[in-house]
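A short worksheet on the structure shown next.
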Amino acid sequence: MNDDERRPMERVCFQLQVRPERIPEYRERHAAIWPDMARALKDTGWNNYSLFLRPDGLLIGYVECEDFAASQAAMAATEVNARWQTEMGPFFVALEGRPDEGFLRLEEVFHLEDQL
């Protein structure tokens with residue numbers, strides 16, 4: 001398949017709220033995530049994945065995937081993800097379920113390349 005036939009990457013942006021008292025530890029945990037977690041994310045199609053944190057704990061995530069639902073399901077099936085989600089769950093405010101399932105997905109309303 002050449003570049004012209006490849007399906008465009010799905011861009012996903014999401015929001016969570018980190019507990020203010022846990023922000024320093026949250027930053028520390030993400031300064032160097034577990035190597036097996038990083039490899040699992042890459043192997044399951046999470047590309048160009050970034051997290052952005054506001055001083056009040058507002059967390060914005062961005063990821064590009066060929067198929068986000070498939071990448072999310074593949075990641076959910078890994079053992080390392082189960083461990084990571086269990087450890088990260090207490091960092092978040094008003095979260096129902098695991099962090100990787102309980103985030104608020106934001107609607108994309110503009111992308112420059114789509115208009116060029």
Task: Residue pair Met88 / His30, side-chain heavy-atom distance below 4.5 Å - done: yes
Open item on the list: Please determine whether residues Leu104 and Phe68 belong to a single hydrophobic cluster, defined as Ile, Leu, Val, Met, Phe, Trp and Tyr linked transitively by side-chain heavy-atom distances below 4.5 Å.
Closed with: no
TODO: Indicate yes or no: at least one non-hydrogen side-chain atom of Trp84 is less than 4.5 angstrom from one of Met75.
DONE: no
Task: salt bridge (charged side-chain N to carboxylate O under 4.0 Å, His left out) contacts in which one or both residues fall within residues 69-86, not counting sequence neighbours - done: Asp36-Arg83, Glu79-Arg83
TODO: Only pairs at least two apart or in different chains count here, so list each ring-ring contact (aromatic ring centres under 6.0 Å, His included) that has a residue in residues 95-116.
DONE: Phe14-Phe103
Task: Value rounded to 0.5 Å, distance of OH in Tyr26 from CG in Leu51 - done: 4.5 Å
TODO: Would you mind reporting whether Glu10 and Glu64 have side-chain heavy atoms less than 4.5 Å apart?
DONE: no
Task: Under 3.5 Å: donor-acceptor pair, side chain of Gln15, backbone of Leu106 - done: no
TODO: Please round to the nearest 0.5 Å and tell me the distance separating atom OG1 of Thr86 and atom CZ of Arg98.
DONE: 7.5 Å
- [ ] For residues Arg11 and Asp114, report the shortest heavy-atom separation together with the two atoms involved.
- [x] NH2-OD2, 3.5 Å
TODO: Side-chain contact test, heavy atoms from C-beta onward, threshold under 4.5 Å: evaluate it for Val80 versus Arg39 and give yes or no.
DONE: no
Open item on the list: Quick check on Glu113: does its CD atom have over 12 non-hydrogen neighbours (other residues, nucleotides or ligands) under 6.0 Å away?
Closed with: yes
TODO: Determine, using the 4.5 Å side-chain heavy-atom cutoff (strictly less than), whether Val63 and Met9 are members of one ILVMFWY cluster.
DONE: no
Open item on the list: Tell me whether Arg19 contacts the main-chain N or O of Pro90 through its side chain, where contact means a donor paired with an acceptor under 3.5 Å.
Closed with: yes
TODO: Under the side chain to side chain contact (heavy atoms under 4.5 Å, CB included) rule, what do Ile33 and Leu41 come out as? Steps first, then yes or no, please.
DONE: CA-CA 11 Å; Ile33 66 168; Leu41 285 163; 4.2 Å; yes
Tell me which donor-acceptor pairs under 3.5 Å the side chains of residues 53-60 have, and how far apart each pair is, sequence neighbours excluded?
residue, atom, partner, partner atom, Å
Arg54, NE, Asp56, OD1, 3.0
Arg54, NE, Asp56, OD2, 3.3
Arg54, NH2, Asp56, OD2, 2.7
Asp56, OD1, Leu58, N, 3.1

Task: Closest contact, heavy atoms only, Cys65 versus Trp46 - done: SG-CA, 4.1 Å
- [ ] Please name the pair of heavy atoms, one in Ser71 and one in Thr44, separated by the smallest distance, quoted to 0.1 Å.
- [x] OG-O, 2.8 Å
Task: Over 12 non-hydrogen atoms of neighbours within 6.0 angstrom of CZ in Arg27 - done: no
